[in-house]
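A short worksheet on the structure shown next.
Note on naming: letters A, B, ... go to the chains in the order of the sequence lines (proteins, then strands), and numbering restarts at 1 for each one. All values below come from the heavy atoms of this structure, side chains included, with hydrogens, waters and symmetry mates left out.
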Protein chains: 2
Amino acid sequence: MPAHSTDSRRFAAIPQKQIRNREKNLHRIVAAAEVVFAENGFAGATYAKIAQQAEIPKSNVLYYFPKKEVLYRTVVEDIYNVWRYAADSIKRENSPEEALGDYIDTKLELSRTRPYGSRVWANEIIQGAPIVQDYLERDLKDWTNKRIAVIEVWIAEGRINPVDPRALLYLIWSVTQHYADFGHQIKTLNGGQAFSDAQWQETKRAVKAIILQGVVLPTQ
Amino acid sequence: MPAHSTDSRRFAAIPQKQIRNREKNLHRIVAAAEVVFAENGFAGATYAKIAQQAEIPKSNVLYYFPKKEVLYRTVVEDIYNVWRYAADSIKRENSPEEALGDYIDTKLELSRTRPYGSRVWANEIIQGAPIVQDYLERDLKDWTNKRIAVIEVWIAEGRINPVDPRALLYLIWSVTQHYADFGHQIKTLNGGQAFSDAQWQETKRAVKAIILQGVVLPTQ
DNA sequence: ATGTTTTTTGACCATGTGATCAGATAAGTT
DNA sequence: AACTTATCTGATCACATGGTCAAAAAACAT
């Protein structure tokens, strides 16, 4: 009967305890795993450590993720998607200064807010991308080629210097991720203190200043 | 008797089988360990894998390095020292263009010749420098402060733009090491082909072009 | 209330691995 | 040749860890 099914849908629409709990637990586990994988690498990360970080019993982690590799893949895909969708400013209709500046800002901000994810990604690539090789070959290659095309247009239109677009992209990737991946080294060289808000601001400014001056033609 | 002791010294001067063999084995093991630690991280690297890579029995590796941590430390210290002594061009008496250009060249060349070492170092820092924390706090801090002082002199003398010296150093570190640490990603984006000689040349040129133009005042 | 499904959890197991050990072999010494 | 020392190696051990299992507890459905 319509009446009945409507009623049951009405109830189902209200967030249910089990579903809410499941999602809460999944999120807790993935977040904990991101930290543990970042700090220990894939092999060094154990269910025991992840469970401790998530503050739930080890068996419960295993209930949601019976295979360590699946949990790892979840973490890696998560950070990959964050990066992927957060940086679409490089379009030919934007001005090179703004586009590149925004991209640097965004990536540095992600290094600040998601350092563990960045480190997991770095680990994955260092070890030869055993899990995400297909992402590199499809998505990333495609994404990269499109941005290179935009940069080449900018060059052709005389809006920036004739730089090697690939080298420019790698330069931006490396420096922005460096502040996450080598954050411990930077912190040590900063007297053991994590970067303050002001230091992050100054970093963004300084990185943009060097790269943009290195790339963008002086405004006549 | 002098004669006797002289004789024995004369023999000792000739490289002896045991000593030669010992050094050869030590070198084989450390070189193999560098690869295995780079590809698997500390926890993922096993005596079995290292032995296989070195093509000697596992027990023999254990004979030379009874503690995995000591072998790891040896590998990390090795690459650290290579980096440390290979880049002393940043001196105030040198011209900024040449000094920074040489530094970038040297570090890129090391990324090319010692990519595994670079990856081991990256792993170590990502995991919070559990082994080399003291190196960072003493040596590296000191080294860095001296280079920053040089850059500040250059700025004061009006030879380069007033950039943030720390940001400049981190930029150079990150981009040069990126070509080793993320070499797999770069290779994939390069159609699965490792960089050719010409591509390395072009990379050096392009990186220097962007950074130097970003930093060094145009020659009047 | 009763039955069913999902979730939670401790006990347990099989496997891989860092490390030990003792015996064999080779090198060096007298 | 006889002896000492360094090197080499397979067998073995203790232990951590990824994963299984069964039973309890909670949530849900009727």
Side-chain angles (χ1 to χ4, degrees), chain A residues 1 3-29 32-33 36-37 39-75 131, chain B residues 1 3-29 32-33 36-37 39-75 131:
Chain A
M1 273 311 185
H4 173 69
S5 85
T6 305
D7 270 2
S8 101
R9 277 210 195 130
R10 209 170 266 155
F11 280 116
I14 298 171
Q16 278 158 329
K17 212 170 180 181
Q18 253 184 13
I19 294 175
R20 269 230 312 276
N21 219 1
R22 172 165 255 276
E23 273 164 18
K24 195 191 79 187
N25 280 342
L26 282 172
H27 186 263
R28 278 179 81 89
I29 292 169
V36 175
F37 280 125
E39 288 179 345
N40 300 277
F42 177 77
T46 66
Y47 274 108
K49 282 178 188 162
I50 294 166
Q52 192 182 17
Q53 177 80 19
E55 292 180 286
I56 59 179
K58 172 186 156 185
S59 300
N60 208 4
V61 178
L62 274 148
Y63 171 70
Y64 286 101
F65 292 97
K67 298 279 174 190
K68 188 179 164 185
E69 200 183 293
V70 173
L71 176 50
Y72 176 71
R73 184 186 281 270
T74 303
V75 170
I131 299 290
Chain B
M1 273 308 190
H4 173 68
S5 85
T6 306
D7 270 2
S8 101
R9 279 209 194 131
R10 210 171 267 155
F11 280 115
I14 299 171
Q16 279 160 329
K17 211 170 180 181
Q18 251 182 15
I19 293 175
R20 268 228 311 276
N21 218 358
R22 170 166 257 274
E23 274 165 17
K24 195 192 78 186
N25 280 340
L26 282 171
H27 186 262
R28 279 180 79 89
I29 291 169
V36 176
F37 280 126
E39 289 180 343
N40 302 276
F42 176 77
T46 66
Y47 274 108
K49 283 178 188 163
I50 294 166
Q52 192 182 19
Q53 177 80 19
E55 291 180 287
I56 59 179
K58 172 184 159 185
S59 300
N60 208 3
V61 178
L62 274 148
Y63 171 71
Y64 287 100
F65 292 96
K67 298 276 172 192
K68 188 179 165 186
E69 198 182 294
V70 173
L71 175 52
Y72 176 71
R73 184 186 282 270
T74 304
V75 171
I131 299 289

Show every donor-acceptor pair shorter than 3.5 Å between a side-chain atom in residues 48-63 of chain A and any protein atom, with sequence neighbours excluded, or say none if there are none.
{"residue": "K49(A)", "atom": "NZ", "partner": "N40(A)", "partner atom": "OD1", "Å": "3.3"}
{"residue": "K49(A)", "atom": "NZ", "partner": "G44(A)", "partner atom": "O", "Å": "3.2"}

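- A straight line from OH of Y64(A) to C1' of dG18(D) spans 20 Å, rounded to a whole angstrom.
- Whole-Å rounding puts the F65(A) CZ to dT8(C) C1' distance at 16 Å.
- Whole-Å rounding puts the L62(A) CG to dC12(C) C1' distance at 13 Å.
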Protein-nucleic acid N or O pairs under 3.5 Å, nucleotides 9-11 of chain C:
{"residue": "dT9(C)", "atom": "OP2", "partner": "N60(A)", "partner atom": "ND2", "Å": "3.4"}
{"residue": "dG10(C)", "atom": "N7", "partner": "S59(A)", "partner atom": "OG", "Å": "2.6"}
{"residue": "dG10(C)", "atom": "O6", "partner": "S59(A)", "partner atom": "OG", "Å": "3.1"}

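- Across all strands, A43(A) comes closer than 4.0 Å to no nucleic acid atom at all (heavy-atom distances).
- In this structure, F42(A) atom CZ and dT17(D) atom C1' are separated by 12 Å, rounded to whole Å.
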Using the 3.5 Å cut-off, write out each protein N or O paired with an N or O of nucleotides 24-27 of chain D and the distance between them.
{"residue": "dA27(D)", "atom": "OP1", "partner": "K17(A)", "partner atom": "NZ", "Å": "3.2"}

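- As rounded to whole Å, 15 Å separates atom P of dC8(D) from atom CD of E55(B).
- For the pair Y72(A) OH and dG18(D) P, the computed distance is 15 Å after rounding to whole Å.
- The side chain to side chain donor-acceptor pair (under 3.5 Å) search around Y47(A) returns none, not counting sequence neighbours.
- In this structure, I29(A) CD1 and H27(A) NE2 are separated by 11.5 Å, a value rounded to the nearest 0.5 Å.
- Proximity note for K67(B) (side chain, C-beta onward) versus dT20(C), dG19(D), dT8(C): the nearest is dT20(C).
- Rounded to an integer number of Å, the gap from L71(B) CG to dG18(C) P is 11 Å.
- L26(B) and Y64(B) get closest at one heavy-atom pair: CD2-CD2, 3.7 Å.
- Within the structure, a side-chain polar atom (N or O) of Y47(A) is placed less than 4.0 Å from OP1 or OP2 of dG19(D).
- Contact annotation: R22(A) side-chain N/O to dT6(C) OP1/OP2 distance is not under 4.0 Å.
- Every residue two or more places apart in sequence or in another chain that forms a side-chain contact (heavy atoms from CB on, under 4.5 Å) with I131(B) is listed here: E69(B), Y72(B), R73(B), E124(B).
- The CD1-P distance, from I50(B) to dT17(C), rounds to 11 Å in whole Å.
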